[in-house]
Amino acid sequence: MQHYQNILFATDLNTDTVIAARRAVELAHLFHAKLSLAHVVVGLDIGADVNLAPQILTEADLLCVQDAHKRLEMLAQQLDMSVIIEKWLLNSGHVALQIHRLAVEQQIDLIIVASHGKHGFFKLVGSDTTDILEEANCDVLVVRI
């Protein structure tokens, strides 16, 4: 079995995401791995990097980013903070491409995403999850919630 060193939990920040996030924490403990949390802020009016250029966001965009930041912090507080090394709010854009870019930059070897189970594979995973699976150059674990 591969020994994971850098795990990325990519979240849409839905309320039931904590179920899958706890699985990510369990795996980080199991492998003595570093865990990062990431969320892509979607729907911004501009393509600015929310971490590097918050001063150029519109007021509506800034509220969206602030809400995402607050929800990401709340998720982190519900988890075992001892394994979480980074929390990333990523700029607007194609979710899978942003997650893939971060995974490459941070040398991630396992991406964990949550998905609501419906019927059949393509209903099990949403379009963002499907795209993450296709774009990733590392293992991807889809946790059914």
Side-chain angles (χ1 to χ4, degrees), residues 4-31 33-54 56-145:
Y4 298 110
Q5 297 177 0
N6 296 301
I7 299 173
L8 174 65
F9 178 66
T11 176
D12 60 7
L13 295 175
N14 284 334
T15 55
D16 51 2
T17 299
V18 71
I19 297 166
R22 286 189 178 124
R23 183 68 50 89
V25 169
E26 291 170 4
L27 288 171
H29 279 299
L30 178 67
F31 291 108
K34 299 173 186 172
L35 176 64
S36 298
L37 307 178
H39 171 71
V40 177
V41 181
V42 294
L44 298 183
D45 291 336
I46 59 173
D49 187 319
V50 298
N51 295 305
L52 300 178
I56 64 172
L57 296 175
T58 66
E59 186 174 335
D61 287 344
L62 188 56
L63 289 173
C64 182
V65 169
Q66 289 171 340
D67 179 61
H69 178 72
K70 181 172 63 173
R71 291 170 56 203
L72 192 61
E73 288 296 324
M74 288 172 47
L75 174 62
Q77 289 173 3
Q78 293 176 316
L79 304 172
D80 179 355
M81 295 291 287
S82 69
V83 296
I84 299 172
I85 58 156
E86 298 284 351
K87 292 171 285 209
W88 300 90
L89 277 181
L90 303 173
N91 56 308
S92 183
H94 190 269
V95 173
L97 292 178
Q98 292 294 342
I99 295 298
H100 174 69
R101 179 184 59 80
L102 180 63
V104 169
E105 289 173 4
Q106 298 301 313
Q107 299 178 335
I108 300 297
D109 45 24
L110 175 64
I111 299 171
I112 301 174
V113 293
S115 185
H116 294 276
K118 302 291 185 205
H119 295 81
F121 178 74
F122 290 106
K123 290 183 181 178
L124 170 67
V125 294
S127 60
D128 287 336
T129 302
T130 301
D131 291 345
I132 290 170
L133 284 166
E134 291 174 357
E135 294 291 332
N137 61 350
C138 64
D139 291 350
V140 177
L141 173 63
V142 179
V143 178
R144 185 176 174 171
I145 53 175

Sequence neighbours left out, cut at 3.5 Å: what donor-acceptor pairs do the side chains of residues 5-14 make with other protein atoms?
unit_1	atom_1	unit_2	atom_2	d
N6	ND2	Q107	O	3.2
T11	OG1	L13	N	2.8
D12	OD1	N14	N	3.0
D12	OD1	N14	ND2	3.4
D12	OD1	T17	OG1	3.2
D12	OD2	N14	ND2	2.8

Quiz item: Are L27 and I112 side-chain neighbours, meaning at least one heavy-atom pair lies under 4.5 Å?
Solution: yes
Quiz item: What residues, two or more places apart in sequence or in another chain, satisfy side chain to side chain donor-acceptor pair (under 3.5 Å) together with E73?
Solution: K87
Quiz prompt | Student check: side-chain heavy atoms of I111 and V113 closer than 4.5 Å | solution = yes
Self-check item: Atom pair OG1/CZ of T15 and R71 - distance to nearest 0.5 Å
Solution: 8.5 Å
Quiz prompt | CA sep, side-chain torsions, deciding dist, call: N137, H100, side-chain contact (heavy atoms from CB on, under 4.5 Å) | solution = CA-CA 8 Å; N137 61 350; H100 174 69; 4.0 Å; yes
Quiz item: How many angstroms lie between CD1 in I108 and CG in D139, if you round to the nearest 0.5 Å?
Solution: 12.5 Å
Exercise. Kindly compute the distance separating CZ (R22) from CD1 (I145), expressed to the nearest 0.5 Å.
Key: 12.0 Å
Exercise. For H29, check side chain to side chain donor-acceptor pair (under 3.5 Å) against everything at least two apart and list the hits.
Key: D80
Practice problem: Taking the side chain as every heavy atom from C-beta outward, state whether L75 and Q78 have any atom pair closer than 4.5 Å. | Solution: yes
Quiz item: Quick one: are I84 and S36 in side-chain contact, heavy atoms under 4.5 Å?
Solution: no
Self-check item: Residues that Q77 engages under side chain to side chain donor-acceptor pair (under 3.5 Å), provided they are two or more places apart
Solution: none
Quiz prompt | Chi angles and distances behind the side-chain contact (heavy atoms from CB on, under 4.5 Å) call for W88, L102 | solution = CA-CA 9 Å; W88 300 90; L102 180 63; 3.8 Å; yes
Quiz prompt | Contacts of type side chain to side chain donor-acceptor pair (under 3.5 Å), residue Q98, not counting sequence neighbours | solution = R101
Exercise. Give the C-alpha distance, both sets of side-chain angles, the deciding distance and a yes or no for side-chain contact (heavy atoms from CB on, under 4.5 Å) between L72 and H69.
Key: CA-CA 5 Å; L72 192 61; H69 178 72; 5.7 Å; no
Self-check item: R23, CZ: over 12 other non-hydrogen atoms inside 6.0 angstrom
Solution: no
Practice problem: Please name all residues satisfying side chain to side chain contact (heavy atoms under 4.5 Å, CB included) with A96, sequence neighbours left out, ordered by chain then number. | Solution: H94, D131, I132, E135
Quiz prompt | Reported CD-to-OG1 distance for the pair E134 and T129, which is rounded to 0.5 angstrom | solution = 11.0 Å
Practice problem: Could you check if a side-chain atom of F31 sits within less than 4.5 angstrom of a side-chain atom of L110, using non-hydrogen atoms only? | Solution: no
